[in-house]
There are 2 protein chains.
Amino acid sequence: MRNRQYRQGITCFMSTIRERNKELILRAASEEFADKGFAATKTSDIAAKAGLPKPNVYYYFKSKENLYREVLESIIEPILQASTPFNADGEPSEVLGGYIRSKIHISRDLPFASKVFASEIMHGAPHLSADLVEQLNGQARHNIDCIQTWIDRGQIAPIDPHHLMFSIWAATQTYADFDWQITAITGKAKLDEEDYEAAAQTIIRLVLKGCEPDRRAE
Amino acid sequence: MRNRQYRQGITCFMSTIRERNKELILRAASEEFADKGFAATKTSDIAAKAGLPKPNVYYYFKSKENLYREVLESIIEPILQASTPFNADGEPSEVLGGYIRSKIHISRDLPFASKVFASEIMHGAPHLSADLVEQLNGQARHNIDCIQTWIDRGQIAPIDPHHLMFSIWAATQTYADFDWQITAITGKAKLDEEDYEAAAQTIIRLVLKGCEPDRRAE
DNA sequence: GTCTATAAGCCGATAGAC
DNA sequence: GTCTATCGGCTTATAGAC
């Protein structure tokens, strides 16, 4: 009984095993895809890492590409969510600071999917649907418009809003993408809570100071 | 005569054809590897893009991996070169500004190799020799030490030097790595000279303002 | 030195037993 | 629903003609 649920009079297998296996495969896949990229990843390695036979991967996900897309799309929602603070009526420093923190948290909490996403974008997003691409770009344009509004109102310095956004993305994303380089240079096997906090504070400082209106001769 | 050079008494073919073909293949390879990544790139596509038959690729470069390594290593020298301004006795704003400009120029002038390098680092540098890795990391540590010295001397604000370097790398590298996203959002098919100049100025502003010592109540 | 034609091996995907 | 055993296609790499 424990493994079954009866719904609408039809015997419906909502087996815990199914959910558990899908989860194991997704987790293994996100690590493998993040580590090697789509083409270099072998489904047999994903299966091995998940502790399951290879056909299970195909049974649950139909194809390697499908599995990849599930990993890839799992990061879209958090990314879009991170932009919610952007609102022209918000306080620029609050909005930008909140955004930077959200993006750093994504790199910290979802490092594998985050890396898969970055790799996908680097190669021209061949697996992303036009719809999702448009959502992401629309969001980006909205954020940039918001910054432009602050500039027009004189709330922040007339910094180029496109390049400001690119810098913020890059600086926050880098903690997921280039973790290998970062751990090699800092000498730490893994960044801890304080490191991410220091990263966020450094980026926030750069951005907020950079956005401060220039001082006139007073 | 034009196609041959006699050296040490041995007929030595320094044929223009050889040099030209190697160059064609290298150029095609850097574009393909940048676009698709190592594993997803087919040597037949490289040959086609170079306008040569596939066996020529193997004749000149022996293996796909060898060819990849040549593309990859072509970017190391420019990267190391960009760090030459770093010197604790230099003026921080000059050094940092010069470094940012050099890194932006690498993204602009060597976008393909730059992307190949980024992708390689993202995946844990499986094709880079330990020696080169050590050179790059040593350089990075030197730059960070240099920033720390400025902080100790009170020349710049006590910003975290590691995170400052990570932000600079990320913000400059992003113009090569995420060109697809950048052109999608700016709406330009290709960034022009002015765009790169604006990018450099924006990043320099963020970094220099961020490094300014905090004002005390005056 | 150049290129056609082919070998060898790997990996995504599945048939079919349990 | 699960997994062993295998196929078929694709890609690197090369043998050998020119």
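Every chain is numbered from 1, with letters handed out A, B, ... down the list of sequences.
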Subject >> ring pair (Phe, Tyr, Trp, His ring centres under 6.0 Å) contacts touching residues 182-208 of chain B (sequence neighbours left out) >> reply: none
**OP:** Return each pair, listed once, that meets ring pair (Phe, Tyr, Trp, His ring centres under 6.0 Å) where at least one residue sits in residues 97-119 of chain B; pairs must be two or more places apart or across chains.
**Re:** B:F86-B:Y99
How many whole angstroms separate atom [atom1] of [X] from atom [atom2] of [N]?
X: B:N66; N: D:dT14; atom1: CG; atom2: P; result: 11 Å
X: B:Y68; N: D:dT12; atom1: OH; atom2: C1'; result: 17 Å
X: A:K36; N: C:dC10; atom1: NZ; atom2: C1'; result: 14 Å
X: A:N56; N: D:dC3; atom1: CG; atom2: P; result: 5 Å
X: A:F61; N: D:dT2; atom1: CZ; atom2: P; result: 12 Å
X: A:L52; N: D:dG1; atom1: CG; atom2: P; result: 14 Å
X: B:I17; N: C:dG1; atom1: CD1; atom2: P; result: 10 Å
X: B:D45; N: D:dA13; atom1: CG; atom2: C1'; result: 16 Å

Original post:
Would you find more than 12 non-hydrogen atoms of other residues, nucleotides or ligands less than 6.0 Å from B:E197 atom CD?
Top reply: yes
Taking only N/O atoms, report every protein-nucleotides 11-15 of chain C pair under 3.5 Å with atom names and distance.
residue : atom : partner : partner atom : Å
C:dC11  : OP1  : A:K42   : NZ           : 3.4
C:dG12  : OP1  : A:T41   : O            : 3.0
C:dG12  : OP1  : A:K64   : NZ           : 3.1
C:dG12  : OP2  : A:T43   : N            : 3.1
C:dG12  : OP2  : A:T43   : OG1          : 3.0
C:dG12  : N7   : A:K54   : NZ           : 3.2
C:dA13  : OP2  : A:Y58   : OH           : 3.3
C:dA13  : OP2  : A:K64   : N            : 2.9
C:dA13  : N6   : A:K54   : NZ           : 2.8

**OP:** Give the nucleotide from the list D:dT4, C:dC3, C:dT2 with an atom nearest to the side chain of B:P53.
**Re:** C:dC3
**OP:** List the atom of A:A118, the atom of B:F178, and the distance in Å for their closest heavy-atom pair.
**Re:** O-CE2, 3.4 Å
Original post:
For A:K42, does its backbone N or O pair with a side-chain atom of A:D45 as donor and acceptor, under 3.5 Å?
Top reply: no
Original post:
Within the pair B:N21 and C:dT2, is there a side-chain N or O less than 4.0 Å away from OP1 or OP2?
Top reply: yes
Original post:
Does A:Y60 make a side-chain N or O approach to OP1 or OP2 of D:dG1 shorter than 4.0 Å?
Top reply: no
Subject >> side-chain contact (heavy atoms from CB on, under 4.5 Å) partner of A:V133, the single match among A:L136, A:N137, A:D131 >> reply: A:N137
Original post:
Between B:K36 and B:E32, is there a side-chain N and carboxylate O pair less than 4.0 Å apart?
Top reply: yes
